[in-house]
Student: 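Have a look at this one before I ask anything.
Lettering of chains follows the sequences in order, A, B, ..., and the numbering in each one begins at 1.
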There are 2 protein chains.
Amino acid sequence: MGKEITIYDIAGQLQISPATVSRALNDHPAINVKTKALINAKAEELGYRSNKFASNLRKQKTNTIGVIVPRLNSYIMSTVLAGMEKIANEEGFNLIISQSLESQKKEIANTKTMFSSRVDGLLVSVAFDTDSFEHFQPFIKRKIPLIFFDRILENSNCPAIVIDNIKAGYDATSHLIKQGRHTILHITGNLKRNVYADRLKGYQQALTEYNIPYNQDFVWETDLSLETGKEVAQRIVSLKTLPDALFIASDLCAVSCITTLKELNINIPKDISVVGFNNDPVSQVIAPKLTTIHYPAKEMGEIAIKSMINHLKGNLDLDAASAITLHSELMIRESGIS
Amino acid sequence: MGKEITIYDIAGQLQISPATVSRALNDHPAINVKTKALINAKAEELGYRSNKFASNLRKQKTNTIGVIVPRLNSYIMSTVLAGMEKIANEEGFNLIISQSLESQKKEIANTKTMFSSRVDGLLVSVAFDTDSFEHFQPFIKRKIPLIFFDRILENSNCPAIVIDNIKAGYDATSHLIKQGRHTILHITGNLKRNVYADRLKGYQQALTEYNIPYNQDFVWETDLSLETGKEVAQRIVSLKTLPDALFIASDLCAVSCITTLKELNINIPKDISVVGFNNDPVSQVIAPKLTTIHYPAKEMGEIAIKSMINHLKGNLDLDAASAITLHSELMIRESGIS
DNA sequence: CTGAAAGCGCTTACAG
DNA sequence: CTGAAAGCGCTTACAG
């Protein structure tokens, strides 16, 4: 195992000071172009690699951004992370990723790890049951930038990257209404979360606009899992009067529900129209193809990380109250057309 | 922004040496229990957090493990990573994750980043087209442990965590044969990769065992994408004689293919039986439910990272030639039963 | 069981 | 444009 090359080795061989080597390697403007070329060539020749720990220790920066997500293995989140990873990599930032597994408790533990890892900034999409901002206070106190994305904490006074969930909920619901549907069941997630609360608001807005009375019994708060999809289907067929449409806040749950409904001899979309959410690849490979809301997951990841990096570099000052809203879009396919 | 607390602050307030504080904080056995308690209490009181950069610089370790995967946003990979993240977190290791996007070129860039980030160890699942071991040599030279998982590089002489793809291919194919199927089309990925080459071997073994001649035209090497699933379906119906079964090396592709075949009035499984691969959640929510091979993704992630951590801690010496094979299992559902 | 001292490899304010 | 020197916050061999 060969000894690690340092700037002193380069300096020694070139009869030059370590300070100059350091500057040259960092492309400092004051250094002579020829000197830089010489130093870079020697660094290459010796197989030099910079020691980030020494550099970070000295600079008091970590170049590391923390990301906390509810789970890694969902289509939306892994796509968001793929987008973040790409940009972070290009910009020379490291990502520390951890998952809360939908539990505030685990999320609190994650924030502690992030804090002691001294991340330069933190990007968070909160768990189902998070109802406190307490665990983020240490970051605020130390002025470590904190940005929420997708599932945000309102009143946190932190920048947020979101889609317009109200509009998306409105689009989904009004599409169903325009198809002549009036008893629309809305299957959603924990209403503590903006993403679900806002979709519900959009659902209500559409009903109001078309003079359809809002019935609270038509909103089912669930965990949106595959199992839930099946249970929902069974519960639906046992209802006195069948709804004529479903607006389900997750494609995976919607697909599971549709499959079970079909097994129970319900015709989709003839008997019941369905609109999902996310534009998960699965939405295109089932029959009937699922009408859904396209969620710009990759873009969200890219924009969230870019905002953070720009802020850290001082290029962009994130206003505490600012929010970036991405465009989402109704993808009309067979399941929502009657 | 309050000043960061260091061991000197604790030492100063307690009238004790920084060396003792350092030892106490690291639970060094030589330190008096009372002294330790005192120091820990003071550290807690002052909100001390250890500076990993100083510590790593001094110890010449990074406590960081690099992971390179083909892509983040596939069910299998995000689940593998979820498993890794969980264990790494518990054991106090950081993960740097990057994706090759199925390109050797990007994979090479990723290895360079990992190398200059001085990861203590590297975990890799290679891209579709990787055909050189060259970019991993710097790790070998520096004796930085390198472990492959899922898509491994044979002859690399590195430890590998895999499933028995030959057996899985055999199980899938022989199941179809037992259902009376004899013209089984095998849709697979890049045959450079062990996962696909081995599944093909298993397919061939099963044919041989049941005295079915092997026909090379029945093996289609593809990218296993959703689009490919559609194209495959269209190509199948244009064939002079229809195959009576499909063994597709990815559930997502299989589901897409089934849906298109159904649109083309092919009855699944009556006309064509289908077996997929991975046990992706989507396999359970389509009609007919997909017969597939359960892939122990979470376990693979956990075992891969545990092997690495144990090796780094010196608990377990990874034999260069060793391989860990995880159990996979045929999940019999409707699509493969005729 | 505790301490003094050196050193890990950088960066940068200051000086020239 | 270049250099000398200090210091970032730890850990550990050595000494007692």
Student: Rounded to whole angstrom units, what separation is found between the CD1 atom of B:I5 and the C1' atom of D:dC10?
Tutor: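 So the two atoms are 15 Å apart, to the nearest Å.
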
Student: Does A:Q60 make a side-chain N or O approach to OP1 or OP2 of D:dG9 shorter than 4.0 Å?
Tutor: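 Answer is yes, contact under 4.0 Å.
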
Student: How long is the line joining CD of A:Q15 and C1' of D:dA4, in whole Å?
Tutor: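 Distance, rounded to whole Å: 16 Å.
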
Student: Hey, does the side chain of B:T35 come within less than 4.0 Å of C:dT2's phosphate (OP1/OP2), counting only N and O?
Tutor: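 Yes, such a contact exists.
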
Student: For A:T20 and D:dG3, is the shortest distance between a side-chain N/O and OP1 or OP2 below 4.0 Å?
Tutor: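 Yes, because at least one side-chain N or O of A:T20 sits under 4.0 Å from OP1 or OP2 of D:dG3.
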
Student: Nearest whole Å is fine: how far is C:dG9 P from A:F53 CZ?
Tutor: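 Rounded to whole Å, this separation is 13 Å.
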
Student: Students often mix this up, so state it plainly: with edges at 30° and 60°, are the rings of B:F148 and B:F133 parallel, tilted or perpendicular?
Tutor: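 It falls in the tilted class, 30° to 60°.
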
Student: Distance check: side-chain N/O of A:S55 vs OP1/OP2 of C:dC10, anything under 4.0 Å?
Tutor: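 Checking A:S55 against C:dC10: no side-chain N or O falls below 4.0 Å of OP1 or OP2.
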
Student: Using the P atoms only, state how far C:dA13 lies from C:dG9, rounded to an integer number of Å.
Tutor: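 Pairwise P distance, C:dG9 against C:dA13, rounds to 23 Å.
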
Student: Just the rounded figure in Å: distance from P of D:dC10 to CG of A:L57.
Tutor: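 Spelled out: CG on A:L57 to P on D:dC10 is 9 Å.
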
Student: Using Watson-Crick or G-U wobble geometry with both distances under 3.5 Å, which nucleotide pairs with C:dC14?
Tutor: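 Across all strands, the one nucleotide that pairs with C:dC14 is D:dG3.
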
Student: Can you see whether A:T64 engages A:N94 through a side-chain donor-acceptor pair at a distance of less than 3.5 angstrom?
Tutor: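 A:T64 vs A:N94: no donor-acceptor pair found between side chains.
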
Student: Check the distance between C:dC10's P and B:K52's NZ and give it to me in whole angstrom.
Tutor: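 So the NZ-P distance, B:K52 to C:dC10, works out to 21 Å.
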
Student: Please confirm whether any donor atom in the side chain of A:Y8 sits under 3.5 Å from an acceptor in the base of C:dC8, or the reverse.
Tutor: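 Under the 3.5 Å cut-off, the side chain and the base do not form any donor-acceptor pair.
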
Student: What about B:R49, does its side chain sit under 3.5 Å from the base of D:dG9 through a donor-acceptor pair?
Tutor: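 Answer no: no donor N or O sits under 3.5 Å from an acceptor.
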
Student: Please classify the nucleic acid contact of B:S22 as base, sugar-phosphate, or nothing, using heavy-atom distances under 4.0 Å.
Tutor: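 Here B:S22 touches the bases of the nucleic acid.
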
Student: Scan A:N26 against the nucleic acid and name what it touches under 4.0 Å (heavy atoms): base, sugar-phosphate only, or nothing.
Tutor: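 Sugar-phosphate contact only.
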
